[in-house]
Amino acid sequence: LVVRKIWKKTKRILWILFLSSLIYTILCRWVMPPVTMTQIANAFGYGLKRDYISWNQINYSVKLAAIASEDQVFPDHSGFDWDAIEKSIKPKKKNKKTRIPLGGGASTITQQTAKNVFLWQHGGKPRKALEFYFTQMIEWTWNKKRILEVYLNVIEMGPGVFGIEAASQKYFHKHAKNLSRAEAAMIIACLPNPKKFTVVPMSHRVKWRYPQIMEQMGNLEGDEDVEHLIKTPN
């Protein structure tokens, strides 16, 4: 009897959590997240600089640089890059013609968005399980354009600096829509560790990485799926 009561309460809690997460996920399809756990954690040590902007205010080069660096099959997958996951488990010999590794290992832009919007930065299997859940949720309830838009607004791009507009203002004193191709690549090159890989002053990693990103940007231009995604206005 006691076990049955506990199970009944547990099911009720799980059902409430599921409905709450579903409602919040759907709400974020149209409204930017008010705040994230990562932003709260940084606010106490580094402050919080952010300025959410719309899809149409984000430079074409920023969108292209993010896909080129972090997830080159972003328009085509359903949340997970299974080929990259397999390669990360079974590493193969490097091939100059293969695409450069994702900035987050085998982590797609959708996964990174799920983690940054709904979860926290560190954690073992429990967080990974939740990341899987929210990745699927936003793939089902958002579209690719919205995922990339939110990603570029909430991702940390420097100590206490969140989103491409805040990063653009801090490093180049201009709006994100006015960034040059090289400037966009420099900012994206600070991922996945923007506290260590600084844009200004430029760290060795950013200096080494951003020309590679620019090369990959050139390679991706002409890809119908990528071009259709980043050139379509809201």
Side-chain angles (χ1 to χ4, degrees), residues 28 30-36 38-39 42-43 45-72 74-75 100 102-104 109 112-113 116-117 144-223 226-234:
C28 287
W30 293 281
V31 180
M32 282 292 177
V35 70
T36 69
T38 305
Q39 291 173 356
N42 276 264
Y46 299 97
L48 179 57
K49 301 180 185 69
R50 68 173 191 179
D51 188 3
Y52 291 155
I53 56 176
S54 69
W55 173 263
N56 294 335
Q57 294 174 301
I58 302 173
N59 192 302
Y60 163 88
S61 293
V62 173
K63 300 167 188 173
L64 182 61
I67 294 174
S69 175
E70 298 300 294
D71 187 356
Q72 293 187 10
F74 173 67
I100 54 178
L102 301 179
I109 284 176
Q112 293 181 54
T113 304
N116 279 278
V117 172
K144 291 290 186 178
K145 190 159 60 175
R146 178 59 176 173
I147 293 170
L148 185 58
E149 178 186 9
V150 173
Y151 173 79
L152 289 170
N153 271 290
V154 302
I155 196 81
E156 187 177 12
M157 295 178 167
V161 179
F162 291 87
I164 191 62
E165 178 66 15
S168 179
Q169 293 284 357
K170 179 175 177 61
Y171 303 131
F172 301 111
H173 311 291
K174 61 175 70 173
H175 292 295
K177 64 182 179 181
N178 297 323
L179 286 171
S180 70
R181 195 178 181 92
E183 289 166 344
M186 287 175 198
I187 293 176
I188 296 299
C190 77
L191 306 175
N193 194 338
K195 289 186 176 70
K196 181 179 179 182
F197 307 136
T198 56
V199 179
V200 177
M202 188 180 294
S203 67
H204 290 298
R205 203 270 187 179
V206 171
K207 189 179 295 184
W208 163 80
R209 177 70 166 162
Y210 93 83
Q212 291 186 337
I213 294 174
M214 292 185 70
E215 181 181 351
Q216 293 297 316
M217 289 166 70
N219 292 341
L220 275 183
E221 281 185 306
D223 183 291
V226 172
E227 290 288 311
H228 177 72
L229 171 64
I230 62 180
K231 284 186 174 181
T232 304
N234 252 351

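Small disclaimer: the values here were computed from a predicted structure and weren't measured.
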Sub-4.5 Å side-chain heavy-atom contact between [X] and [Y]:
X	Y	answer
Ile53	Asn153	yes
Phe74	Ile147	yes
Leu64	Leu220	yes
Ile67	Leu148	yes

Mind jotting down which residue pairs meet the salt bridge (charged side-chain N to carboxylate O under 4.0 Å, His left out) criterion with at least one end in residues 51-60? Sequence neighbours excluded, please.
none
For [X], check side chain to side chain donor-acceptor pair (under 3.5 Å) against everything at least two apart and list the hits.
X	value
Tyr46	none
Lys145	Asn234
Arg181	Glu221
Tyr52	Gln39, Arg50

Please identify each residue that fulfils ring-ring contact (aromatic ring centres under 6.0 Å, His included) with Tyr210, with sequence neighbours left out.
none
Stepwise side-chain contact (heavy atoms from CB on, under 4.5 Å) test for Ile188 and Leu152
CA-CA 10 Å; Ile188 296 299; Leu152 289 170; 4.3 Å; yes
Sidechain-backbone polar pair: [X] side chain, [Y] backbone, donor-acceptor under 3.5 Å:
X	Y	result
Trp55	Val150	no
Ser69	Ala65	no
Gln216	Ala68	no
Asn59	Leu179	yes

State the NE2-CG distance between His173 and Asn178, to the nearest 0.5 angstrom.
14.0 Å
Report the distance from atom NZ of Lys177 to atom OG of Ser54, rounding to the nearest 0.5 Å.
9.0 Å
Could you pull out all residues at least two apart from [X] that satisfy salt bridge (Lys or Arg N to Asp or Glu O under 4.0 Å)?
X	value
Lys144	Glu139
Lys174	Glu183
Lys231	Glu227
Glu215	none

Going through the distances and angles, do Arg146 and Trp30 end up as a side-chain contact (heavy atoms from CB on, under 4.5 Å)?
CA-CA 8 Å; Arg146 178 59 176 173; Trp30 293 281; 5.6 Å; no
Counterpart residues, side-chain contact (heavy atoms from CB on, under 4.5 Å), relative to Ser203 (two or more places apart):
Phe197, Thr198, Arg205, Val206
Over all atoms of both residues, closest heavy-atom pair of Cys190 and Ile187:
SG-O, 3.0 Å
Contacts table for residues 155-166: side-chain donor-acceptor under 3.5 angstrom, sequence neighbours left out:
| unit_1 | atom_1 | unit_2 | atom_2 | d |
| --- | --- | --- | --- | --- |
| Glu156 | OE1 | Lys195 | NZ | 3.1 |
| Glu156 | OE2 | Lys195 | NZ | 2.6 |
| Glu165 | OE1 | Ala176 | N | 2.9 |
| Glu165 | OE2 | Gln169 | NE2 | 3.1 |
| Glu165 | OE2 | His175 | ND1 | 2.7 |

